[in-house]
Amino acid sequence: MQNNEIAKIFWEIAELLELKEENRFKIHAYQNAARNIENLPHHLDEIYKKQGLKGLKELEGVGESIAHKIEEYIKHKKVKKHQDLLKEFPKGFLALINIPGMGPKTAMKLHKELKINSMDDLERAIKKGFLKDLPGFKEKKQENIKKGIELKKRSHGRFLISDADELAQTLTLQLANLKEIKKLTVAGSLRRREETIGDIDILVISERPKAVMDYFTKLAQVKRILAKGETKSSVILNNDMQADLRVLKPDEFGSALHYFTGNKQHNIKIRELAIKKGLKVSEYGLFKKDKKIAGRTEEELFEALGLNYIPPELRAGEDELEIAKDKKIPRLIELFDIKGDLQMHSKHSDGKNPIEEMAEYAKKLGYLYIAITDHSKSQRIAHGQTEREILKAFKEIDKINARIKGLKVLKGVEVDILPDGYLDFKDEILKECDVVLAAVHSVFKMPQDKMTKRIIKAMQNRYVNILAHPTGRLINEREPYNVNVEEMLKAAADTGTFMEINAHPKRLDLKDTHIKMAKEMGILFAINTDSHATFSLENMKFGVSMARRGWIEKKDVINTLTINKLMKKLYQKR
DNA sequence: GCCGTTTTCGGCCCGACTGTTTTCAGTCG
């Protein structure tokens with residue numbers, strides 16, 4: 001978690017500099033560095049160990065000064081500039097500018113005029129009505145700050161993509177009822193298929209924006225209106241998620257969708273590119289002087305800028321513009337490329353449905369095969385199977401295969417990787433399987449070198465095909481275990497082990513940056529739902545979008561193959 | 001503070017909404 005610790009320090013330096021009204025470009029530089037560090041696939045101390053300061057300076061947004069501060073943190077666990085800045089303000093003061101609607105200017109004014117130094121001070125001052133005596137702080141502003149504090153206290157961070165997806169669907173279904181709306185689409189982080197979602201962005205095409213805004217802000221799910229204007233409204237929904245609606249005209253659709261999809265860094269880079277070409281981009285279109293030259297569709301916009309179409313999942317503000325300029329954006333994998341699902345559980349361990357029901361459901365999805373991969377014996381909580389039980393289950397699979405046409409059920413197991421790196425089943429059992437997934441399910445807290453060795457040892461087993469949920473994280477619940485991902489991936493490449501992209505919305509493991517790194521090493525993937533019930537087989541879409549964010553093509557994924565080619569791949573390690 | 005296929009100095013994305021200061025600053029995305 002070291003990268004995030006350093007990023008947090010740079011975010012705070014930026015905030016502190018904002019309070020001091022420092023040069024805004026300097027502030028921007030710290031924010032930019034923080035953002036880039038958060039998205040790094042490698043640990044900063046590993047980069048530093050291998051390549052020193054020079055390696056740090058090669059990172060985007062990191063120059064002389066910030067590289068030294070990273071070095072300082074690695075050596076001393078703190079950064080002097082950060083400590084000095086913190087000393088200039090009372091403890092707990094930074095919390096104030098993180099209240100929605102409050103920025104550095106407001107916070108500083110309250111600090112200077114009313115000696116408000118913390119969240120507690122602020123709440124007390126509001127209760128006593130002190131704010132009202134201040135110029136520029138009338139009734140409404142005070143009310144907004146109060147609501148901002150409440151929201152801040154209740155909010156539990158970002159939402160799972162599956163939850164946001166469902167909510168967005170109910171909103172758009174209702175909006176679609178309004179006849180004034182010509183076209184309607186979800187944009188923002190949900191369209192980019194980020195692993196978690198902060199708010200829901202909806203773009204509407206209509207000639208009558210006022211009617212749309214009235215309807216939107218009165219929806220049953222709306223708890224509070226943050227802003228309501230001619231073209232843009234923001235609301236807080238009942239579950240405390242924010243939703244933004246933007247209304248534009250038909251000939252602005254492409255540029256508006258692009259602008260509203262982001263991310264922010266990507267948009268900035270697009271605008272910078274436009275400037276270099278003597279053009280200007282905004283949500284209203286691409287302009288040469290005052291003449292509009294593109295904007296009706298996203299495709300038109302990219303083409304006018306001399307770029308390949310960049311799919312939303314790749315719009316990260318990293319190297320996608322350069323690659324699009326060289327016309328090298330690949331055709332990314334699609335949901336319909338998936339021919340089967342190679343991790344799921346049945347009643348034989350902790351699943352809800354019998355094998356046959358899983359198979360029938362998969363057949364309805366159009367799959368050619370599935371693998372039943374129930375847990376091994378040491379997973380007591382998950383009713384892991386003994387050797388006898390799994391062999392019995394395989395006989396049941398033979399019978400099902402004889403009955404069902406058009407879908408093959410593979411005999412599999414999700415075998416536990418024990419703390420010493422040995423597996424929970426002996427090779428005699430594993431060799432009876434068509435597919436073997438290995439996974440860590442216990443003793444998560446291990447020093448990095450031990451955990452890395454443990455996993456690598458498991459992958460060296462000739463029967464292990466796939467490393468399941470390779471980093472073990474549970475989004476919003478559990479950190480990944482401490483494993484050196486780069487070494488782990490190198491071992492996967494050496495042993496011919498496939499990496500899982502686990503499609504469960506809480507896992508999404510590997511994540512995008514690690515997927516990209518693994519692909520560069522030539523590793524192949526299996527995108528699996530890890531289903532414990534029939535309906536969860538539908539989660540495949542979340543795995544596919546995570547794969548797309550990692551630049552994955554159909555050829556990189558083994559469960560896009562036909563059954564014969566897949567079997568060949570699965571047996572080539574033995 | 002970062003960055004460079006016109007630059008090692010002089011730039012650094014663009015626009016909406018709110019509240020209140022009657023002309024705009026602050027905040028947000």
Side-chain angles (χ1 to χ4, degrees), chain A residues 10 13-15 17-19 21-36 56-70 81 96-110 131-132 134-145 147-148 187-189 192 198-203 209 213 217 225-236 242-248 252 255-256 258-287 317 321-322 325-326:
Chain A
F10 291 145
I13 289 180
E15 284 175 342
L17 293 177
E18 261 190 307
L19 289 172
E21 296 185 51
E22 267 270 10
N23 178 319
R24 65 194 176 96
F25 298 111
K26 189 191 278 194
I27 294 164
H28 180 251
Y30 277 107
Q31 292 168 335
N32 195 27
R35 202 176 297 113
N36 286 328
L56 296 177
K57 272 188 270 183
E58 277 169 20
L59 300 172
E60 208 174 312
V62 176
E64 193 69 36
S65 163
I66 289 184
H68 275 101
K69 290 187 177 68
I70 296 172
K81 173 155 181 145
L96 291 180
I97 60 174
N98 288 316
I99 297 170
M102 274 253 283
K105 296 279 163 59
T106 313
M108 278 315 278
K109 196 164 179 185
L110 292 173
L131 263 56
K132 263 181 271 185
L134 224 57
F137 285 79
K138 293 205 167 153
E139 201 77 32
K140 265 200 158 164
K141 185 147 186 166
Q142 179 165 306
E143 193 56 28
N144 279 340
I145 292 175
K147 283 181 175 162
S189 56
R192 299 195 309 274
D199 54 20
I200 294 175
D201 300 307
I202 299 171
L203 177 67
M213 292 310 183
T217 51
I225 301 169
L226 290 173
K228 185 183 168 194
E230 275 290 298
T231 70
K232 189 178 152 185
S233 289
S234 292
V235 299
I236 299 288
Q242 185 174 325
D244 298 337
L245 184 83
R246 190 79 194 254
V247 182
L248 287 122
E252 298 162 345
S255 45
H258 176 265
Y259 155 78
F260 217 25
T261 296
N263 70 6
K264 193 174 168 178
Q265 282 307 109
H266 170 89
N267 284 357
I268 289 173
K269 288 196 171 179
I270 285 279
R271 286 168 188 164
E272 283 170 351
L273 176 68
I275 291 170
K276 269 188 205 153
K277 290 176 180 281
L279 307 169
K280 190 185 83 167
V281 175
S282 76
E283 55 262 56
Y284 300 109
L286 176 66
F287 297 89
L321 259 64
E322 285 72 31
K325 220 180 285 176
D326 296 339

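Order of the sequence lines sets the chain letters (A, B, ...), proteins ahead of strands, with each chain counted from 1.
- Between the C1' atom of dC2(B) and the CD atom of Glu58(A) lies a distance of 15 Å, rounded to the nearest Å.
- With DNA chain B read from its 5' end, the first of the two nearest nucleotides for Ala227(A) and Lys26(A) is the one closest to Lys26(A).
- Picking from dC13(B), dT18(B), dG1(B) the nucleotide with the shortest atom distance to the side chain of Asn144(A) gives dT18(B).
- Checking side-chain atoms of Ser255(A) against main-chain N and O of Glu283(A) turns up a donor-acceptor pair under 3.5 Å.
- Listed candidates were dC14(B), dG29(B), dC12(B). Nearest to the side chain of Glu272(A) is dC12(B).
- Proximity of Lys81(A) to the phosphate of dG1(B): a side-chain N or O atom is located under 4.0 Å from OP1 or OP2.
- Using a 4.0 Å cut-off, some side-chain N or O of Lys138(A) falls inside it from OP1 or OP2 of dT21(B).
- For Phe25(A), the listed nucleotide lying nearest its side chain is dC12(B); candidates were dC14(B), dG19(B), dC12(B).
- Closest approach to the Glu283(A) side chain among dA16(B), dG1(B), dC13(B) is made by dA16(B) (side chain taken as heavy atoms from C-beta onward).
- Counting heavy atoms from C-beta on, the side chains of Val235(A) and Leu245(A) never come closer than 4.5 Å.
- Heavy atoms of Pro135(A) sit nowhere under 4.0 angstrom from any nucleic acid atom.
- Regarding Leu286(A), its CG atom lies at a distance of 14 Å from the C1' atom of dC13(B), rounded to whole Å.
- Side chain of Arg246(A), nearest nucleotide from dA16(B), dC14(B), dG1(B): dA16(B).
- Comparing dG1(B), dC14(B), dC17(B) by their closest approach to the side chain of Ser282(A) singles out dC14(B).
- The environment of CD in Glu322(A) is crowded: more than 12 heavy-atom neighbours from other residues, nucleotides or ligands sit within 6.0 Å.
- For Ile27(A) and Asp201(A), each mapped to the nucleotide of DNA chain B holding its nearest heavy atom, the one lying further toward the 5' end belongs to Ile27(A).
- As judged by a 4.0 angstrom heavy-atom cut-off over every strand, Gln242(A) is placed among residues touching the sugar-phosphate backbone only.
- Put simply, Ser234(A) has no side-chain N or O that comes within less than 4.0 Å of OP1 or OP2 on dC17(B).
- Note on Phe260(A): nothing from the nucleic acid sits closer than 4.0 angstrom, heavy atoms only.
- In this model, no donor atom of one side chain and acceptor atom of the other lie less than 3.5 Å apart for Glu60(A) and Asn32(A).
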